Amino acid sequence: MIQTVRGVHDILPVETPLWQLLEARALAIFGQYGFAEIRTPLFEKTELFARAVGAATDIVEKEMYTFADRGGDSLSLRPEGTASVVRTFVQQSMHRQLPWKVWYRGPMFRYERPQKGRQRQFHQIGCELFGPAGPLADAELMAMVMRYLTDLGLQASLVLEINSLGCPDCRAPYRDLLIATLRTLVAHLCEDCQNRIERNPLRVLDCKRENCRATLANAPSMLDHLCAGCANHFSSLKTHLNHLGIPYRVNPFMVRGLDYYNRTAFEVTSTGLGAQNAVAAGGRYDGLVAQMGGTSTPAIGFAMGMERLVLLLNRETTLPSSTDVFLATLGERGENAGLLLAEAIRKEGLAVELNLSGGSLKSQMKRADRSKARFALMLGDTEIEKNVVIVKDMTLGQQQEIRWSEAPVFLANLCRVGP
RNA sequence: GCGAACGUAGCUCAGUCGGUAGAGUCCCGGAUUGUGAUUCCGGUUGUCGCGGGUUCGAGCCCCGUCGUUCGCCCCA
């Protein structure tokens, strides 16, 4: 038996309605904020991700699906969505039509060890906003994320965390200060953190080990070393969030893994997802467009993990039946008439499941029951002689004969009124 | 890349001290005519993940391998 490859899963028909719901809500809500959908290729030149995401990141160093095509170019399946959108922005000279607001959905690929909420092919919904440099954009974007998640009924288990990563001007001196501090504490840090001190000192702040956290309790915070511009930006953002009534928590230890972020970083986490607890994450990347060869344009964006949303939603969400009417037939005449009657009812907008597999009336009624249809129709020789069909209300258990010609409208009216 | 647990029917799982594999569920059929869910009766279902080893004999013990899950790392 050939199976799916490790970390890659089918999304089966019982799950797809939930996925469709997530995407439909994104379309509706992001649309309210002026975002339009963009669809970029699933693979790009490897160099794009190396430059945009950062050549020294784990994603680029060891997690990309990279291959040479027949012409010899090095290509990679996209590990995240922002790089491609920025490429499009530069390629299409979108800096002439600011602001540019887009959202995307689709599969991403990373070669990681699978665990709960983490697959090798996973799906993200993300938004990118190009142009505005001020904290107003940051606040509106977060309002949009929270509106989306609240609309799905998830707000109870979620926390919005924000931080400022500073800008190149203030981050470099802070980084030096942090390294100096860490060197004095090196004996109290775990092995991983000791290695991080020179490579990625900010990451040390994000260590989850108790010992490291305690050791770092008094380490210098980026927030205390922001330049005036960054400090104002961050404090305005908090003011906006307060005005909006959006609860948040400042987390000075939150660090972004991707190189391109500056200033605002944010994350929405959930209890109830185990170790992979980030549901949405994003931040500002004012320097990336210029770095990728475009006209310098500030930007901010975020991405959400759909598998993780599905995990959270699955617990409480129950989906309505997709079938209004099940049509049971007996005999060849019944089948032939049923084929036509089903079409006539569908023309009234109802979902009809026509029995296609024969069987006794009893077994067909079982199928009707399983389909969760509100009405079961029965059509055999007796009914055909009289030009009627039996309509049975499956919840009440009552049935009546209805003329063929009147059945579609009759059923449509009942279903429109609701159960 | 590292660590741990687990792989038995479509699904959820039991299987004692090593002695030829079980339950529930699902599915199918029946309980007098052409009527679903409850009830009752009957029925099907397995390379015990795979490959080796130990043994008279392995679902059970040992080694390897693949897969899943959880954690580390990292991230959505």
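Please read these numbers as outputs of a predicted model, since none were measured by experiment. Numbered from 1 within each chain, the chains take letters A, B, ... in sequence-line order.
Taking atom C1' in both B:G51 and B:G43, one finds a spacing of 36 Å when rounded to whole Å. Taking atom P in both B:A58 and B:U65, one finds a spacing of 23 Å when rounded to whole Å. Only the C1' atoms considered, B:C74 is 43 Å distant from B:U54, to the nearest whole Å. Only the P atoms considered, B:C13 is 14 Å distant from B:C70, to the nearest whole Å. Taking atom C1' on both B:U16 and B:G53, the two are 25 Å apart, rounded to the nearest angstrom. Distance noted for atom P between B:G15 and B:G49: 15 Å (whole Å). Nucleotides B:G19 and B:G57, compared at atom C1', are 7 Å apart to the nearest Å. B:U38 and B:U25: their P atoms are spaced 10 Å apart (whole Å).
Picking from B:A76, B:G36, B:C70 the nucleotide with the shortest atom distance to the side chain of A:Asp369 gives B:G36. Between B:A76, B:U35, B:G29, one nucleotide has an atom nearer to the side chain of A:Leu361 than all others, and that is B:U35. Checking B:A76, B:G36, B:G29 against the side-chain heavy atoms of A:Met394 singles out B:G36 as nearest. Here B:C73 is the nucleotide among B:C73, B:G36, B:A76 with the atom lying nearest to any side-chain atom of A:Asp58. Comparing B:C27, B:U69, B:A76 by their nearest atom to the side chain of A:Arg370 picks out B:C27. Proximity note for A:Arg6 (side chain, C-beta onward) versus B:A76, B:G36, B:U68: the nearest is B:U68.
Rounding to whole angstrom units, NZ of residue A:Lys366 and C1' of B:U38 are separated by 12 Å. Between the C1' atom of B:G1 and the NZ atom of A:Lys62 lies a distance of 7 Å, rounded to the nearest Å. Between A:Glu112 atom CD and B:A76 atom P the separation is 9 Å, expressed in whole Å. Put simply, CG on A:Asp393 is 14 Å from C1' on B:U35, counting in whole angstrom units. For A:Trp103 and B:A76, the CH2 to C1' distance is 16 Å, given to the nearest whole Å. A straight line from CD of A:Glu401 to C1' of B:U35 spans 14 Å, rounded to a whole angstrom. Nucleotide B:C74 holds its P atom 14 Å from the CG atom of A:Asn277, rounded to whole Å. Spacing between atom NZ of A:Lys116 and atom C1' of B:A5 amounts to 16 Å, rounded to whole angstrom units.
With the nearest nucleotide of RNA chain B identified for both A:Val8 and A:His123, A:Val8 has the one nearer the 5' end. The residue among A:Ala281 and A:Ser360 whose nearest nucleotide of RNA chain B lies closer to the 5′ end is A:Ser360.
Counted by atom type alone, A:Thr82 and A:Glu128 present one or more donor-acceptor pairs between their side chains at under 3.5 Å.
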Only pairs under 3.5 Å count here: list side-chain donor-acceptor contacts from residues 330-344 of chain A, not counting sequence neighbours, and write none if there are none.
from, atom 1, to, atom 2, distance (Å)
A:Arg333, NH1, A:Glu385, OE2, 3.3
A:Asn336, ND2, A:Glu332, O, 3.3
A:Glu343, OE2, A:Arg346, NH1, 2.9

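In this structure, A:Gln399 reaches the bases: a heavy-atom distance under 4.0 Å links it to at least one base atom across the strands shown. Counting any heavy atom pair closer than 4.0 Å across all strands shown, A:Ala368 reaches no nucleic acid atom. Within the 4.0 angstrom heavy-atom criterion, base atoms lie near A:Gln119. In this structure, A:Lys392 reaches the bases: a heavy-atom distance under 4.0 Å links it to at least one base atom across the strands shown. Residue contacts shown for A:Gly117 include a base, since a base heavy atom lies under 4.0 Å away. At the heavy-atom level, A:Gly397 lies under 4.0 Å from base atoms of the strands shown. Note on A:Gly7: only backbone sugar-phosphate atoms sit closer than 4.0 angstrom, heavy atoms only; bases stay farther off. Residue-level contact check: A:Ile390 touches the bases, meaning some heavy atom is under 4.0 Å from a base atom.
By the 4.5 Å heavy-atom criterion applied to side chains, A:Cys170 and A:His225 are not counted as neighbours.
Residue A:Gln115 places at least one side-chain N or O closer than 4.0 Å to OP1 or OP2 of B:G71. Between A:Arg113 and B:U68 there is no side-chain N or O to OP1 or OP2 distance below 4.0 Å.
Between A:Tyr148 and A:Phe30, the ring planes are tilted. Angles from 30° to 60° get that label. Using the six-membered ring where Trp is involved, A:Tyr285 and A:Phe130 have ring planes that are perpendicular, over 60° apart on the 30 and 60° scheme.
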*Can A:Arg284 and A:His233 be said to form a side-chain contact (heavy atoms from CB on, under 4.5 Å), step by step?*
CA-CA 11 Å; A:Arg284 189 161 268 289; A:His233 189 100; 3.7 Å; yes
_Verdict with reasoning, A:Ser371 to A:Thr323, per side-chain hydrogen bond (donor to acceptor under 3.5 Å, both in side chains)_ = CA-CA 7 Å; A:Ser371 78; A:Thr323 308; 4.7 Å; no
*Go through A:Leu141 and A:Phe35 one step at a time and tell me if the side-chain contact (heavy atoms from CB on, under 4.5 Å) criterion holds.*
CA-CA 11 Å; A:Leu141 201 69; A:Phe35 286 76; 3.7 Å; yes
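Among the duplex regions that RNA chain B forms, those built from at least three successive Watson-Crick or G-U pairs under 3.5 Å are B:1-7 with B:66-72, B:10-13 with B:22-25, B:27-31 with B:39-43, B:49-53 with B:61-65, ordered by first number.
Side chain of A:Arg6 to main chain of A:Arg113: no donor-acceptor pair is present (N/O by atom type, distance under 3.5 Å, no hydrogens or angles).
A side chain to side chain contact (heavy atoms under 4.5 Å, CB included) with A:Arg105 holds for exactly one of A:Met304, A:Gln124, A:Arg39; it is A:Arg39.
A donor-acceptor contact under 3.5 Å links the side chain of A:Arg118 to the base of B:C74.
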